[in-house]
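In what follows, a single structure is set out as structure tokens and then discussed.
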Amino acid sequence: MIYNLTVSPDFAPDHISGWYFFNTWLQRQLGERVHLELYDCFEKQREDIAADKIDLIYANPYDAAMLVREKGFRAVVRPQGKSDEAIIATLASSDVNAVEDLVPGITVATTDDPDVHTMGMIMLESADLNRSNISIEEVDSYVLVAKKLLQGKAQAGFFLKEGFEELSDLIRNQMKVLVCSQISVVHHTLLVGPRMAESIPQLTEALLSMGDDEKGRKVLESMDLTAWEIMEEEETEFMIDLIDTLID
Amino acid sequence: MLSQNSDGPRQVQIDYFDGSSRTVDVVDREVPYPDGKLIVSRTDPQGIITHANQAFVDMSGYTKEELIGENHYILRHPDMPAVAFAGLWETIMAGTKWHGYVKNLRKDGAFYWVKATVIPNVRNGKLVGYTSVRRKPSRSKIAESEALYATLK
Ligand SMILES: Cc1cc2nc3c(=O)[nH]c(=O)nc-3n(C[C@H](O)[C@H](O)[C@H](O)COP(=O)(O)O)c2cc1C
């Protein structure tokens with residue numbers, strides 16, 4: 001049997017090779033064949049999840065909710081010290097200095113990243129802005145969100161905090177942050193599907209001790225992670241409940 | 001951060017649904033909602049607080065130790081009409097999500113407005129408690145709610 005591993009399409013492109021190293025490391029640890037399938041958009045990945053093609057996924061918290069509640073997946077670990085936070089930014093030279101300065105009729109640049117978009121929309125609520133009184137322009141990456149702002153085609157942009165920080169200084173310095181979320185309990189997780197459930201104990205043990213040897217540490221580094229931490233079932237349920245309160 | 005209001009505190013008695021009551025000091029001073037944060041708490045099925053995040057602790061003015069094990073009505077502001085909470089309990093006990101604007105009372109008598117969402121926590125088909133997540137409300141929604149609640153008192 002070949003298992004299928006995939007990664008939420010919102011990871012930074014610099015770390016693609018890291019996920020291939022991880023896949024190789026994983027096959028050695030489990031003594032099983034694992035195929036890594038990467039997607040460039042959420043929609044195609046969700047189609048394959050719906051068709052039960054995925055066994056192991058490093059998922060965005062928003063998708064984790066669906067995977068656990070509808071697809072019988074179990075979150076086993078989370079990346080240490082990493083949470084998903086969203087930023088709303090505007091052009092540095094703009095008169096807008098707070099979310100409340102944004103007005104109806106503006107264009108907001110966003111990506112298809114569901115949790116960043118949800119958090120961004122929530123942070124606009126304090127300015128009475130919502131789907132009905134702004135235009136939303138969806139682009140493929142945070143670089144393109146920045147581009148929309150720099151070109152004056154959008155007055156606000158939603159970024160994953162990490163994605164914002166990874167922009168070049170040249171681009172970032174032309175923008176200013178209006179608000180940054182500080183939620184801390186919403187983060188990515190590594191989830192295991194029903195077909196692979198038997199491997200959970202072995203997999204968890206291998207992941208938790210991944211940083212103990214040189215090889216594992218190098219792989220973690222290449223994915224820009226420091227270590228994996230155990231994800232208790234109730235912790236996952238709590239995160240899902242919390243996300244549930246953010247979706248209408 | 002704390003500035004004393006010129007009017008000084010007024011003492012108000014609050015009667016709770018469970019028949020208990022307490023006298024609180026209320027001051028007419030709003031503490032602004034912290035940008036970017038979510039205020040999170042969880043209760044058992046009876047509304048007793050079982051979890052509060054740091055933003056909850058900071059905004060309420062109580063310590064975590066003071067909050068855990070308390071009834072969630074510890075935050076009830078006298079300007080909030082009882083009917084608003086009756087609606088909350090009716091909604092969540094029916095297993096559905098509740099949204100509303102709430103004026104909360106801090107330990108120091110000041111207040112803060114939130115947009116709250118409360119959902120039932122169901123595990124293996126069984127209700128184990130409720131989670132409330134609050135976010136920053138807009139000034140216009142606060143004004144609307146103030147006007148509405150004044151008529152419901
Ligand atoms: C999860 C949860 C969170 C709640 N949060 C608040 C709150 O922040 N402020 C508040 O006044 N009541 C809150 N309530 C409602 C209280 O339980 C209570 O109904 C309310 O304070 C009014 O008190 P009374 O029902 O005794 O009149 C919450 C209830 C639940 C289940």
Side-chain angles (χ1 to χ4, degrees), chain A residues 61 65 68-69 72 83-89 97-104 115-116 118-130 133-134 158-159 161 164 176-187 232-248, chain B residues 30 32-45 50-59 88 91-92 95-102 112-145:
Chain A
V68 170
R69 299 245 162 119
S83 58
D84 289 29
E85 305 293 355
I87 277 178
I88 302 180
N97 290 309
V99 168
E100 287 76 13
D101 295 339
L102 294 167
V103 292
D115 58 328
V116 173
T118 303
M119 292 192 277
M121 290 304 286
I122 281 171
M123 293 193 292
L124 284 183
E125 281 178 3
S126 62
D128 281 320
L129 298 178
N130 56 57
N133 60 8
I134 59 173
F158 295 165
F159 296 86
K161 185 173 178 226
F164 187 80
K176 63 182 164 195
V177 173
L178 296 177
V179 63
C180 177
S181 73
Q182 299 173 64
I183 298 170
S184 82
V185 287
V186 171
H187 48 72
E232 301 293 352
E233 206 168 320
E234 184 49 34
E235 217 178 320
T236 307
E237 292 291 338
F238 178 38
M239 182 173 90
I240 295 174
D241 279 338
L242 194 142
I243 291 169
D244 215 9
T245 68
L246 305 181
I247 324 175
D248 283 317
Chain B
E30 177 166 13
Y33 192 101
D35 268 323
K37 294 197 181 177
L38 295 177
I39 300 176
V40 183
S41 65
R42 303 170 84 184
T43 70
D44 68 10
T50 55
H51 167 100
N53 74 349
Q54 192 56 45
F56 190 108
V57 171
D58 295 343
M59 283 305 279
L88 181 164
T91 308
I92 60 176
T96 47
K97 201 184 286 191
W98 180 86
H99 289 286
Y101 293 88
V102 180
Y112 58 102
W113 277 96
V114 300
K115 177 182 178 185
T117 304
V118 184
I119 56 159
N121 305 136
V122 178
R123 306 284 184 266
N124 303 314
K126 205 171 147 254
L127 176 82
V128 297
Y130 299 102
T131 299
S132 176
V133 177
R134 297 96 176 161
R135 34 178 132 151
K136 186 178 185 180
S138 71
R139 292 319 304 182
S140 70
K141 294 290 184 194
I142 292 175
E144 263 174 44
S145 308

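The chains referred to below are lettered A, B, ... by the order of the sequence lines, with proteins before strands, and numbering in each begins at 1.
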Check: Given the options B:His51, B:Lys141, B:Lys115, B:Arg123, which has more heavy-atom pairs under 4.5 Å with chain A than any of the others?
Finding: B:Arg123
Note to self: Just so I know, are the side chains of A:Leu246 and B:Leu38 near enough to count as touching, which here means a heavy-atom distance under 4.5 Å?
What the structure shows: yes
Margin query: Need one label for A:Glu233: side chain, backbone, both or neither, based on atoms under 4.5 Å from any heavy atom in chain B.
Written below: neither
Next item on the list: Side chain from CB out, backbone as N, CA, C, O: work out which of these in A:Ile88 comes under 4.5 Å of a heavy atom of chain B, or both, or neither.
Entry: neither
Checklist line | Heavy-atom contact with chain A under 4.5 Å, split by part of B:Lys97 | finding: side chain
Next item on the list: Kindly compute the distance separating CG (A:Leu242) from CG (B:Asn121), expressed to the nearest 0.5 Å.
Entry: 10.0 Å
Item checked: NZ-OG distance between B:Lys37 and A:Ser181, expressed to the nearest 0.5 angstrom -> 11.0 Å
Check: Just one of B:Val122, B:Ile119, B:Val40 clears the side-chain contact (heavy atoms from CB on, under 4.5 Å) bar with A:Asp241, so which one?
Finding: B:Ile119
Next item on the list: Could you check which of A:Asp128, A:Leu178, A:Val99 has the highest count of heavy-atom pairs closer than 4.5 Å to chain B?
Entry: A:Asp128
Margin query: Between A:Glu237 and B:Arg42 (salt bridge meaning N to carboxylate O under 4.0 Å), is one present in this structure?
Written below: no
Item checked: Check against side-chain contact (heavy atoms from CB on, under 4.5 Å), B:Lys136 and A:Glu100 -> CA-CA 11 Å; B:Lys136 186 178 185 180; A:Glu100 287 76 13; 2.8 Å; yes
